[in-house]
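One structure is given below, encoded as structure tokens.
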2 protein chains.
Amino acid sequence: MATRNDALTCEVVDLIATVVARYHEEYEEAAGKHSLTGAQAKVLALLAREPLPMRRIAQQLKCEPSNITGIIDRLESRGLVERHPDPDDRRVKLAAVTPEGRVTAARLRQSLDFAREPLGSLSAEERGTLRDLLRRMLGETG
Amino acid sequence: MATRNDALTCEVVDLIATVVARYHEEYEEAAGKHSLTGAQAKVLALLAREPLPMRRIAQQLKCEPSNITGIIDRLESRGLVERHPDPDDRRVKLAAVTPEGRVTAARLRQSLDFAREPLGSLSAEERGTLRDLLRRMLGETG
DNA sequence: TATTGTTATACTCTATAACTATA
DNA sequence: TATAGTTATAGAGTATAACAATA
């Protein structure tokens with residue numbers, strides 16, 4: 001596929017870069033409100049859905065498994081997460097949120113409302129159009 | 001403004017999160033191809049436009065000025081950047097790309113073509129629509 | 001043998017606070 | 001006194017390599 005380099009395309013790329021930058025700033029800020037780093041917030045949100053083996057967390061975060069040890073250590077020392085043995089495979093440790101961790105994850109999700117707010121200025125039809133365009137954009141490379 | 005929570009809005013938010021994740025992965029990968037970290041690549045791209053005082057770089061990266069010292073140190077030790085005194089204010093040091101740094105910055109920009117490629121599947125009219133929607137989205141909060 | 005999680009190590013980025021040299 | 005850049009320090013994330021327990 002030919003890569004386009006016209007003014008319109010570059011403008012859209014710049015807008016996407018702005019979206020990315022703003023999303024990150026606000027994500028870090030929301031995490032910080034709960035004294036979490038970005039990585040810790042990601043892991044906590046992940047585990048709030050379902051307990052996961054350490055290895056799987058690393059795959060989701062696209063980092064080395066050795067890094068997960070420290071992140072879970074820090075979440076565990078704050079009582080937000082626990083390690084449980086996997087009855088089916090004694091090599092595996094399942095990380096799971098505690099009740100307190102679940103509450104924190106829910107609050108974090110609330111703080112992330114910022115992500116929905118900018119969309120409030122678009123009509124339902126426009127949001128549908130945006131969804132379709134983003135889907136096609138992402139579908140091409142993924 | 002009321003924050004929307006319907007299925008369509010959540011879907012768009014998820015798509016944006018996917019865009020953000022993919023953008024970051026590919027940015028880091030492109031930087032890595034040139035043995036640069038993400039932060040180093042950002043600074044190099046910034047300085048390729050114009051020389052900047054250390055303080056200004058920190059403002060652009062939204063981090064503390066003390067961090068810039070190390071980042072510029074590492075770029076300078078690789079011959080990609082140089083520090084020049086500001087003739088107007090002897091407290092200020094201007095960081096500027098070397099000729100080699102300019103070449104690396106240009107190659108980096110080429111590697112970032114990935115960002116344009118997904119847009120190739122959209123027509124000019126669709127890219128225009130996407131631009132307008134993103135503009136309005138960003139305009140609301142910024 | 002292969003896999004899971006951990007440890008040890010080194011590097012980078014980050015914030016904070018104290019320092020220096022200029023202004 | 002205020003500002004620009006640096007240094008020192010500490011914490012967190014990252015990759016790599018080596019290790020113990022288990023499969």
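A straight line from OH of Y27(B) to P of dC13(C) spans 12 Å, rounded to a whole angstrom. Atom CD in E25(B) sits about 15 Å away from atom C1' in dT14(D), given to the nearest Å. As a whole-Å value, the separation of K42(B) NZ from dC13(C) P is 10 Å. Rounded to an integer number of Å, the gap from CZ of R91(A) to C1' of dA20(D) is 13 Å. Counting to the nearest Å, the P atom of dT3(D) and the CG atom of D88(B) are 19 Å from each other.
When atom types are taken as modelled, the side chain of R131(B) and the backbone of L8(A) share no donor-acceptor pair closer than 3.5 angstrom. Distance alone, capped at 3.5 Å, is enough to place a donor-acceptor pair between the R136(B) side chain and the S121(A) backbone. A donor-acceptor pair under 3.5 Å links the side-chain atoms of E76(B) to the main chain of R83(B), judged by distance alone.
Between R90(A) and dA23(D) there is a side-chain N or O to OP1 or OP2 distance below 4.0 Å. The shortest distance between the side-chain N/O atoms of K93(B) and the OP1/OP2 oxygens of dT6(D) is below 4.0 Å.
Along DNA chain D, the nucleotide closest to G38(A) and the one closest to P87(A) are compared, and the more 5′ of them pairs with G38(A).
In this structure, the nucleotide among dG5(C), dG13(D), dA2(D) sitting nearest to the side chain of V92(A) is dG5(C). When distances are taken from the side chain of D89(B) to each of dA23(C), dT4(C), dA4(D), the shortest belongs to dA23(C).
Atom CD1 of residue I72(B) and atom CG of residue N67(B) lie 12.0 Å apart, to the nearest 0.5 angstrom. A distance of 11.5 Å separates CD of Q110(B) from NZ of K33(B), quoted to the nearest 0.5 Å.
Under the ring-ring contact (aromatic ring centres under 6.0 Å, His included) criterion, H24(A) pairs with H24(B), not counting sequence neighbours.
R55(B) comes within contact range of at least one nucleobase, with a heavy-atom separation under 4.0 Å.
Of the residues in residues 56-83 of chain B, those placing a heavy atom less than 4.0 Å from an atom of DNA chain C are C63(B), E64(B), S66(B), N67(B), I71(B), R74(B), in numerical order.
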N/O donor to acceptor pairs below 3.5 angstrom from side-chain atoms of residues 35-54 of chain B, sequence neighbours left out:
unit_1	atom_1	unit_2	atom_2	d
T37(B)	OG1	Q40(B)	N	3.2
Q40(B)	OE1	T37(B)	N	3.3

